[in-house]
Amino acid sequence: MLRVGERVRHEISALLARGEIIDPLLETVTITVPEVRMTPDLKLANVYVMPLGGGDAEEVAAALNAHAKFIRGRVTPALGLKYAPQFRFFVDDTFDEFGRIDAILRSDRVQRDLGPREDEDE
């Protein structure tokens, strides 16, 4: 599943980089594909996307879902699979999650707990 997901990710990234999808929104943004999760039977691919800068992320995912059949027709021949997987596009929120965790780790409360203890002899 991981190997096929990575191949799908590379093929979709290449398709987006070539600009083969004719859509006014998709032509104006650069889209990253950080992850593709395949189902165990390899018939469904959940593709997580994020436009650079993070703007219009929901609209980009909706536009890609509208063009999912076209993308499937372009990507599937390069994969060499028995079945053509269906693609579902979602906004990748891991960048926001990383930012939230980083902010928590840098907070005064956490830094206080990570510093030297007052009862320790130095």
Side-chain angles (χ1 to χ4, degrees):
M1 289 184 323
L2 294 174
R3 183 176 55 83
V4 172
E6 192 63 17
R7 289 227 24 231
V8 169
R9 186 179 76 79
H10 282 284
E11 292 298 328
I12 291 176
S13 295
L15 176 81
L16 293 171
R18 290 189 302 265
E20 292 185 30
I21 303 171
I22 299 173
D23 186 285
L25 176 64
L26 299 178
E27 291 172 353
T28 61
V29 296
T30 302
I31 303 169
T32 60
V33 184
E35 183 179 12
V36 174
R37 294 183 189 160
M38 301 295 297
T39 57
D41 61 0
L42 303 178
K43 291 187 178 181
L44 180 64
N46 292 324
V47 182
Y48 294 89
V49 296
M50 179 58 79
L52 288 180
D56 301 329
E58 292 291 335
E59 292 84 5
V60 167
L64 287 169
N65 279 315
H67 296 285
K69 288 185 179 182
F70 173 80
I71 295 169
R72 181 182 185 191
R74 292 293 215 188
V75 170
T76 300
L79 299 176
L81 297 174
K82 185 174 182 179
Y83 298 103
Q86 293 181 3
F87 298 120
R88 294 185 185 160
F89 294 90
F90 300 97
V91 175
D92 183 28
D93 58 359
T94 55
F95 295 113
D96 295 334
E97 190 68 20
F98 290 143
R100 188 182 70 77
I101 291 170
D102 188 51
I104 290 171
L105 291 175
R106 293 180 188 274
S107 70
D108 292 336
R109 188 173 174 190
V110 172
Q111 292 301 317
R112 181 190 68 221
D113 291 343
L114 293 176
R117 293 176 43 182
E118 293 175 5
D119 61 343
E120 289 181 355
D121 292 330
E122 293 184 27

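Note: hydrogens, waters and symmetry copies are ignored here, and every other heavy atom, side chains too, is used.
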[atom1]-[atom2] distance between [X] and [Y], expressed to the nearest 0.5 angstrom:
{"X": "Phe87", "Y": "Leu64", "atom1": "CZ", "atom2": "CG", "answer": "11.5 Å"}
{"X": "Ile21", "Y": "Glu27", "atom1": "CD1", "atom2": "CD", "answer": "10.0 Å"}
{"X": "Asp92", "Y": "Ile31", "atom1": "CG", "atom2": "CD1", "answer": "13.0 Å"}
{"X": "Met1", "Y": "Thr39", "atom1": "CE", "atom2": "OG1", "answer": "8.0 Å"}
{"X": "Leu16", "Y": "Leu26", "atom1": "CG", "atom2": "CG", "answer": "7.5 Å"}
{"X": "His10", "Y": "Leu15", "atom1": "NE2", "atom2": "CG", "answer": "14.5 Å"}

Pro51 versus Val29, closest heavy-atom pair with distance: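 For Pro51 and Val29, the tightest heavy-atom pair comes out as CB-CB, 4.5 Å.
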Minimal non-hydrogen separation, Arg72 against Pro85, with atom names: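 Heavy atoms of Arg72 and Pro85 come nearest at NE-O, 3.3 Å.
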Quick one: do [X] and [Y] end up in the same hydrophobic cluster if we chain Ile, Leu, Val, Met, Phe, Trp and Tyr together by side-chain heavy atoms under 4.5 Å apart?
{"X": "Met38", "Y": "Phe89", "answer": "yes"}
{"X": "Met50", "Y": "Val36", "answer": "no"}
{"X": "Phe70", "Y": "Val8", "answer": "yes"}

Over 12 non-hydrogen atoms of neighbours within 6.0 angstrom of [atom1] in [X]:
{"X": "Asp41", "atom1": "CG", "result": "yes"}
{"X": "Leu2", "atom1": "CG", "result": "no"}
{"X": "Arg106", "atom1": "CZ", "result": "no"}
{"X": "Ile22", "atom1": "CD1", "result": "no"}

Are the side chain of [X] and the backbone of [Y] linked by a donor-acceptor contact shorter than 3.5 Å?
{"X": "Arg88", "Y": "Leu44", "value": "no"}
{"X": "Arg9", "Y": "Val33", "value": "yes"}
{"X": "Thr30", "Y": "Leu52", "value": "no"}
{"X": "Arg37", "Y": "Gly5", "value": "no"}

Contact list for residues 58-68, test side-chain hydrogen bond (donor to acceptor under 3.5 Å, both in side chains), sequence neighbours left out: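 Applying side-chain hydrogen bond (donor to acceptor under 3.5 Å, both in side chains) to every pair that reaches into residues 58-68, excluding sequence neighbours, yields Asp23-His67.
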Carboxylate-amine/guanidinium proximity below 4.0 Å for Arg3 and Glu6: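 No salt bridge links Arg3 with Glu6.
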Derivation of the side-chain contact (heavy atoms from CB on, under 4.5 Å) call for Leu79 and Val4: CA-CA 8 Å; Leu79 299 176; Val4 172; 5.5 Å; no
Pairs touching residues 25-58 that satisfy ring-ring contact (aromatic ring centres under 6.0 Å, His included), sequence neighbours left out: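 Counting only pairs at least two positions apart or across chains, the ring-ring contact (aromatic ring centres under 6.0 Å, His included) contacts touching residues 25-58 are Tyr48-Phe90.
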Partners passing salt bridge (Lys or Arg N to Asp or Glu O under 4.0 Å) against Arg7 (at least two apart in sequence or in another chain):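 Applying salt bridge (Lys or Arg N to Asp or Glu O under 4.0 Å) to Arg7 gives none.
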